[in-house]
Amino acid sequence: MDFEPITRPLTDDEAKAEAERIMARSFQPAMPPVRHFPTSFRDDTPLPDYGDTPPVHQDDKRIVPAWAAGIAVASIGVGAGITGVGCGAWLVLQGLASVTLYGVLMVTLPFAGAAMVATAIGGAFSKARRSVTVYEGPVVKNTQINNTSNQCGMFSRTRNDVR
């Protein structure tokens with residue numbers, strides 16, 4: 001084969017010969033057919049009519065190591081646990097999504113009632129503990145109010161001192 005580039009145009013005979021060569025090469029199989037090999041084996045030996053067949057020793061050829069199997073089982077357990085947590089969160093959020101004003105009032109009503117009762121009891125105890133003081137003599141009440149105001153610009157401050 002000549003792989004040198006052709007610098008001149010081909011003659012008609014050369015072009016015809018080159019075209020025939022290319023077409024003949026294009027329609028031929030590139031490689032010989034692949035020989036096929038059997039991928040399975042069938043044992044056709046007849047089985048005994050009666051009796052026990054002794055067990056055949058089979059070598060232990062595990063692909064996955066024991067630690068990897070343990071991690072796989074643990075990950076299944078963690079996944080199941082997380083699924084339970086997710087379902088619980090979904091239920092809680094579904095409940096929160098359906099909150100209405102009447103529902104909130106019904107839930108908080110016992111707490112409000114207990115707070116009201118506790119406030120009433122505390123008020124009764126504080127009034128019962130308060131001693132009554134009786135003053136005898138003249139009483140002088142003096143009230144003095146000092147009002148200072150500093151206003152300038154945008155900020156102002158007013159201070160009222162009542163004595």
Any link between [X] and [Y] through a network of hydrophobic side chains (Ile, Leu, Val, Met, Phe, Trp, Tyr) touching at under 4.5 Å?
X: Phe111; Y: Leu101; value: no
X: Leu109; Y: Val117; value: no
X: Phe125; Y: Met116; value: no

One should read off an interatomic distance between Gln94 CD and Trp90 CH2, to the nearest 0.5 angstrom, of 4.5 Å
The reported gap from CG in Leu93 to OG in Ser98 (rounded to nearest 0.5 angstrom) is 11.0 Å
Name each donor-acceptor pair under 3.5 Å that joins a side chain in residues 65-72 to protein atoms two or more places apart or in another chain, with its distance.
none

For residues 9-19, the side chain to side chain donor-acceptor pair (under 3.5 Å) pairs (sequence neighbours left out) are Arg8-Glu14, Glu18-Arg21
